[in-house]
Amino acid sequence: MDPAAGKLPLPSAPGAATTTNGAGASMCTAVVPAVPLPPTFAEAEAARKRQEQAENNAIRLVHLLVTCAKAIQAGDYAVAFRNLSEAHTALTTKVTAASGIGRVVSHFALALAHRLVPASPTLPGGVLDAASSAAHAGELYRQFYDAGPYLKFAHFMANQAILRAFDGCDRVHIIDLAIMQGVQWPALIRTLSLRPGGPPAIRLTGVGPPPAEDGSCNELYEVGLRLAEFARACNVPFSFRAVTGHDLDSLQPWMFQIIPGEALAVNSIYQLHRLLVDPDAASTSRPSPIDAVLGWVAAMQPRVFAVVEQEADHNKSSLVERFTNALFYYAAVIDSMEARSPHHRSLGAEAYLQREIFDIVCGEGSGRVERHEPLNLWRARLLRAGFAQLPVGPRETWQALTLLREYSGARFGVMQSAGCLTLMWHDQPLFTASVWSGAPTNTVAAGMLLEPADINKSSSDHQQVAAGGIAMQ
């Protein structure tokens with residue numbers, strides 16, 4: 001109590017200035033905390049106009065690139081060069097290539113430039129030139145794996161199907177049609193090592209390219225060694241064998257040394273679309289590559305055939321259709337990557353996608369390998385080949401959603417369609433996982449086979465995945 005004033009002193013507010021009077025008593029001056037003032041009408045209107053102008057610039061840029069593609073398709077290269085030049089100017093003066101739509105269209109502008117002039121330099125804002133990045137395919141694959149849930153979703157869905165098919169089997173054989181760096185298999189090996197009653201004996205056959213002509217160490221051999229060491233640490237009986245070939249359709253069932261009594265699984269992650277041909281140019285004189293491969297896979301009668309493919313429509317003879325479909329598709333993929341790491345741009349992951357974009361835009365005829373097709377075409381093709389569909393159950397759907405919670409909140413999701421599961425970014429489908437069997441009906445668990453007439457039935461009676469699931473790597 002201040003005896004002179006007869007009043008309690010006011011406590012000092014944070015940031016308040018404290019002064020003293022002539023008698024030495026402290027006095028407090030209240031300070032109102034700084035609050036940002038709302039923008040004035042003029043400032044808000046200026047911001048709105050800037051946003052509107054940015055959107056108009058982006059729309060104009062996309063229009064220029066689509067018009068360029070139309071001119072290339074029509075053979076009018078003068079118009080194509082003019083539109084591409086305007087797009088180049090817009091990318092350097094009006095639309096930033098560091099993020100958003102500019103980040104996406106820079107890849108397509110670079111692809112069009114490469115198609116018009118194969119030796120053209122990289123446009124500002126592009127990432128790695130596709131030709132030079134091809135030598136680093138393994139590193140680009142690893143960076144794409146780390147950039148989002150795309151490959152993790154694929155591996156997870158395939159592994160769950162394989163785990164379910166191997167239930168109760170003592171000897172199992174997995175054929176991976178493109179083993180790459182083998183990152184899919186440690187999770188499955190670890191889970192099988194924990195199986196009640198002990199793990200099965202695992203035989204893994206990895207398909208990959210032949211060794212380099214310079215005699216350098218074959219990457220397939222290194223992958224096999226790493227997986228064998230991992231299996232040994234988990235006390236799992238394991239053997240690895242490599243099958244090499246430039247094309248899957250050049251392989252034959254005898255190369256895989258199928259052993260009676262082994263439970264067989266075949267795994268295909270983003271590979272089957274490379275075996276397709278132009279829909280209007282398919283030859284009737286001999287089986288197409290996709291029919292040949294599906295034929296020998298079916299002949300081996302696998303318990304499970306796990307297939308994951310891009311949910312896209314890029315196998316068009318028309319450049320304009322391919323270009324437009326690919327622009328929307330890769331815009332969603334790159335937007336999802338940007339949303340997950342807004343302050344970190346993975347050049348390797350974008351270069352992985354850029355190689356696909358280059359192939360879709362620049363490749364024609366037999367020279368194009370990225371021939372993505374939607375689920376309805378794949379279902380019809382696999383059913384014609386003699387496979388029976390195994391439904392993706394509610395347990396797998398729930399586990400996939402749990403996995404996706406780590407990535408950009410609720411913006412990633414999954415959609416069930418025709419017994420398959422599709423990874424979504426907002427409303428855009430990205431990748432679809434489907435599960436099939438080529439085994440006789442009596443070798444597959446009851447209730448597992450999904451016939452065409454059963455697609456729309458309730459999945460409440462689907463067999464559940466083994467408890468514990470598969471840990472993601």
Side-chain angles (χ1 to χ4, degrees), residues 58-92 95-137 140 143-144 270 273-274 278 310 312-335 337-338 345-372:
I59 293 171
R60 172 64 177 164
L61 178 56
V62 170
H63 174 74
L64 287 170
L65 294 180
V66 173
T67 303
C68 177
K70 290 180 179 178
I72 292 174
Q73 183 171 299
D76 193 342
Y77 296 105
V79 172
F81 272 109
R82 184 166 65 249
N83 281 275
L84 186 59
S85 178
E86 289 186 45
H88 185 190
T89 301
L91 274 171
T92 56
V95 178
T96 175
S99 62
I101 189 64
R103 181 172 175 177
V104 177
V105 300
S106 63
H107 298 297
F108 285 86
L110 180 57
L112 289 171
H114 186 77
R115 174 158 181 154
L116 285 170
V117 184
S120 61
T122 301
L123 291 176
V127 287
L128 301 177
D129 182 85
S132 64
S133 66
H136 308 291
L140 302 187
Q143 292 197 37
F144 181 66
Y270 309 160
H273 69 270
R274 298 170 178 266
D278 281 330
Q310 291 86 343
D313 192 9
H314 302 151
N315 191 22
K316 300 290 187 182
S317 298
S318 164
L319 170 63
V320 176
E321 286 187 84
R322 292 201 313 269
F323 185 90
T324 305
N325 292 346
L327 184 61
F328 282 102
Y329 178 81
Y330 287 100
V333 177
I334 293 175
D335 179 53
M337 289 169 53
E338 186 174 16
R345 184 173 183 177
S346 175
L347 297 182
E350 287 193 44
Y352 178 93
L353 298 175
Q354 187 187 62
R355 294 174 63 202
E356 295 184 358
I357 293 170
F358 262 57
D359 187 84
I360 293 168
V361 174
C362 301
E364 291 294 346
S366 60
R368 192 169 73 253
V369 297
E370 299 297 342
R371 297 177 174 274
H372 312 136

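For clarity, every value in this text was computed on a predicted model and none was experimentally measured.
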Peer 1: Using 0.5 Å steps for rounding, measure from the NE2 atom of His372 to the CG atom of Asn315.
Peer 2: 9.5 Å
Peer 1: Could you give all pairs that pass the side chain to side chain donor-acceptor pair (under 3.5 Å) test and reach residues 69-81, with sequence neighbours left out?
Peer 2: Gln73-Ser318
Peer 1: List the atom of Asp359, the atom of Gly367, and the distance in Å for their closest heavy-atom pair.
Peer 2: OD1-O, 3.7 Å
Peer 1: Determine, stepwise, if the pair Phe358 / Leu110 fulfils side-chain contact (heavy atoms from CB on, under 4.5 Å).
Peer 2: CA-CA 8 Å; Phe358 262 57; Leu110 180 57; 3.6 Å; yes
Peer 1: CG/Leu140 to OG/Ser346 distance, rounded to the nearest 0.5 angstrom?
Peer 2: 9.0 Å
Peer 1: Should Gln143 and Leu347 count as side-chain neighbours, where that means a heavy-atom distance under 4.5 Å?
Peer 2: no
Peer 1: So do the side chains of Phe108 and Val62 get within less than 4.5 Å of each other, counting heavy atoms only?
Peer 2: no
Peer 1: Any side-chain heavy atom of Ile357 sitting closer than 4.5 Å to one from Glu370?
Peer 2: no
Peer 1: Just to verify, what does Tyr330 make a ring pair (Phe, Tyr, Trp, His ring centres under 6.0 Å) with, not counting sequence neighbours?
Peer 2: His314
Peer 1: For the residue pair His114 and Cys362, what are the closest heavy atoms and their distance?
Peer 2: CD2-SG, 4.0 Å
Peer 1: How long is the span from the CG atom in Leu112 to the CG atom in Asn83, to the nearest 0.5 Å?
Peer 2: 10.0 Å
Peer 1: If you compare all heavy atoms of Ala87 against all heavy atoms of Leu64, which two are closest, and at what distance to 0.1 Å?
Peer 2: N-CD1, 3.7 Å
Peer 1: Please name the pair of heavy atoms, one in Phe144 and one in Leu353, separated by the smallest distance, quoted to 0.1 Å.
Peer 2: CE1-CD2, 3.7 Å
Peer 1: Which heavy atom of Ala113 sits nearest a heavy atom of Leu84, and at what distance?
Peer 2: CA-CD2, 3.5 Å
Peer 1: On a heavy-atom basis, which atom in Ala80 and which in Ala71 lie closest, and how many Å separate them?
Peer 2: N-CB, 3.6 Å
Peer 1: Go through it in stages, so that I can follow the logic: the residues are His107 and Glu356, the test is side-chain contact (heavy atoms from CB on, under 4.5 Å), and I'd like the CA-CA distance, side-chain angles, deciding distance and then a yes or no.
Peer 2: CA-CA 10 Å; His107 298 297; Glu356 295 184 358; over 6 Å; no
Peer 1: Under 3.5 Å, side chain of Thr324 to main-chain N/O of Glu321, donor-acceptor pair present?
Peer 2: no
